[in-house]
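Written below as structure tokens is the structure these notes are about.
Atoms considered below: every heavy atom in the structure, side chains included; atoms not considered: hydrogens, waters and symmetry mates. Note that this is a predicted model, so its numbers are computed, not measured.
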Amino acid sequence: MATKDTAAAAFLEDFRSMSRNGATPGGGVDRQAATVADGQNRNWFRGLVEGYGFDVRYDAVGNQFALLELVPGAPYIAVGSHLDSQPLGGKFDGAYGVLAGAHAAKAVAELAAGEHAPKFNLAVINWFNEEGCRFKPSMMGSSVFTGKISAEQVLETTDPHGVTVREALDAIGTIGDFSLDVASYVELHIEQGRSLDDAGIKIGLVESTWGANKYEFTVQGEQAHTGSTVIADRQDALFAASSMIVAARDVADMFTDDDGMVITSCGEISVFPNSPVVVASEVKLLIDVRATDEQRLADADAELFRRFAEVEERSKCEIVRGAEHIWGSKEYDRRGLELAASAADSLGLSKQVVRTLAGHDSTNMKDVVPTIMLFVPSVDGITHNEAEYTTDEDMVDGVRLLTEVLRRVTGGEFVEA
């Protein structure tokens, strides 16, 4: 079995090698789902884990499974995250958790050859399109796996250029017909927030998710000349969309106080015809609202739509609500939280209980199987940015913890075989 130092060096070498795939000049990566860069990285990962003794399979929507059979016929414990990224994203988000899962699973397999007697097999999963930037919604692969949306719906989903998921996955050769039942799920991720970094804490034990309501809107106005059309005669879709964005920010301020917080955002907008001398006739945008408390989320959501009705009236445009992606504020398995806390203590790693503001594939998985979610620090909380950074020491400590958690889970300390 590898020593602690050689295992750490091997992980860091693999991480740096992986980070060259889709690398950007600013030190991040651009590996949007089912692009050439994502395909190259998926194939790189396949070659890596096959060299470590894993068997790799793909399901109908491109979820990638790296399998280690430790106990023939036994159920599987899944561990993983995602390899796809945002445009000009960070190289740690998602990808760290997949690679950490592979190294931790490999270490548990080596322990199984010695004193460890596992009761489960291991599956490392690279979930398809967690980020949701090329294809919507986000967390797409795990949504299909957990039965929240259908595979056929996903395969027919198109990107902004009209390419379907099916076509994109066929192009990179990572689509199959594999299926797998799992007994529990573990995910390790960078925090994507600053609480651990600010506190100097090594490990975040995730107790619950924030609730989130994500909406797609189309604002329909009327095309006109920006110079010759007087304000009173305009149905300016861009003015209406801009007012919606401002309204969303005002709602966040209104519902944030000492008792709780609401976060609202508009991360995507497209304007038609997008000409400097034309009043926009159509704008598409995505607005989301998030909160820890379900009632606060519901109240903020209601206020948001009340203000959107005012925008419609003032702008004389029509706001059409389209697809939505919603998840509630829910807790992770308490036994898993306690197991991870004990594992961190055994390794001398400081810890604190946290909530996740961002969505993760574990957000879906926790609704169907007992799930453990773990964080390592993000320096200054920077994420979805090329400057995203987690130290080598923190990454290695995360792999150490994940290995210990998987050792305990495969030994039957979390769920029964």
Side-chain angles (χ1 to χ4, degrees), residues 86-87 131-138 140 149 153 156-164 210-257 260-291 293-328 359 384:
Q86 291 289 334
E131 293 291 4
C133 50
R134 182 182 180 190
F135 302 102
K136 291 188 287 290
S138 58
M140 183 176 273
I149 55 178
Q153 176 185 339
E156 296 305 315
T157 298
T158 58
D159 71 5
H161 302 289
V163 178
T164 66
W210 282 47
N213 299 346
K214 303 172 73 171
Y215 302 106
E216 295 179 38
F217 294 101
T218 299
V219 184
Q220 296 175 341
E222 183 173 298
Q223 189 167 320
H225 193 296
T226 58
S228 63
T229 308
V230 299
I231 295 296
D233 292 341
R234 297 188 186 193
Q235 293 174 259
D236 187 341
L238 183 54
F239 167 68
S242 301
S243 300
M244 292 170 69
I245 296 168
V246 172
R249 179 59 178 265
D250 288 344
V251 167
D253 292 339
M254 176 181 177
F255 283 89
T256 296
D257 53 35
M261 181 184 296
V262 166
I263 293 176
T264 59
S265 303
C266 174
E268 182 179 58
I269 184 168
S270 62
V271 181
F272 181 82
N274 204 29
S275 168
V277 291
V278 174
V279 174
S281 60
E282 183 179 272
V283 176
K284 295 180 182 293
L285 69 163
L286 191 151
I287 289 178
D288 68 74
V289 53
R290 307 181 188 221
D293 179 77
E294 289 191 8
Q295 187 58 55
R296 185 172 291 243
L297 178 61
D299 292 344
D301 192 83
E303 177 64 18
L304 194 67
F305 279 91
R306 187 191 69 76
R307 295 187 182 215
F308 288 173
E310 292 178 348
V311 171
E312 272 191 311
E313 183 175 358
R314 183 184 180 195
S315 67
K316 296 180 288 188
C317 294
E318 181 182 7
I319 300 173
V320 179
R321 179 169 157 181
E324 58 188 50
H325 187 200
I326 292 172
W327 62 86
H384 284 187

Closest contact, heavy atoms only, [X] versus [Y]:
X    : Y    : result
S138 : H325 : O-CE1, 3.2 Å
V289 : A300 : CG2-CB, 4.2 Å
T229 : D233 : CG2-CB, 4.1 Å
T264 : A248 : OG1-O, 2.6 Å
F135 : V163 : CE2-O, 3.3 Å

Does the [X] side chain pair with the main chain of [Y], one donor and one acceptor, at a distance under 3.5 Å?
X    : Y    : answer
S315 : C317 : yes
W210 : G359 : no
T256 : V262 : yes

With rounding to the nearest 0.5 angstrom, report the [atom1] to [atom2] distance, [X] to [Y].
X    : Y    : atom1 : atom2 : result
L304 : N213 : CG    : CG    : 9.5 Å
Q220 : E312 : CD    : CD    : 10.0 Å
E324 : K136 : CD    : NZ    : 14.5 Å
L286 : C266 : CG    : SG    : 7.0 Å
I149 : T157 : CD1   : OG1   : 7.0 Å
Q86  : R134 : CD    : CZ    : 13.5 Å

Do the non-hydrogen side-chain atoms of [X] and [Y] ever get within less than 4.5 Å of each other?
X    : Y    : result
K284 : F272 : no
E268 : E216 : no
D301 : Y215 : yes
R321 : F305 : yes
P273 : Q223 : yes
F239 : K316 : no

More than 12 non-hydrogen atoms from neighbouring residues, nucleotides or ligands closer than 6.0 Å to CZ on R249, yes or no? no

Pair R306 + E303, salt bridge at N-O below 4.0 Å: yes

From the options M244, E282, Q235, select the one residue that forms a side-chain contact (heavy atoms from CB on, under 4.5 Å) with V219. M244

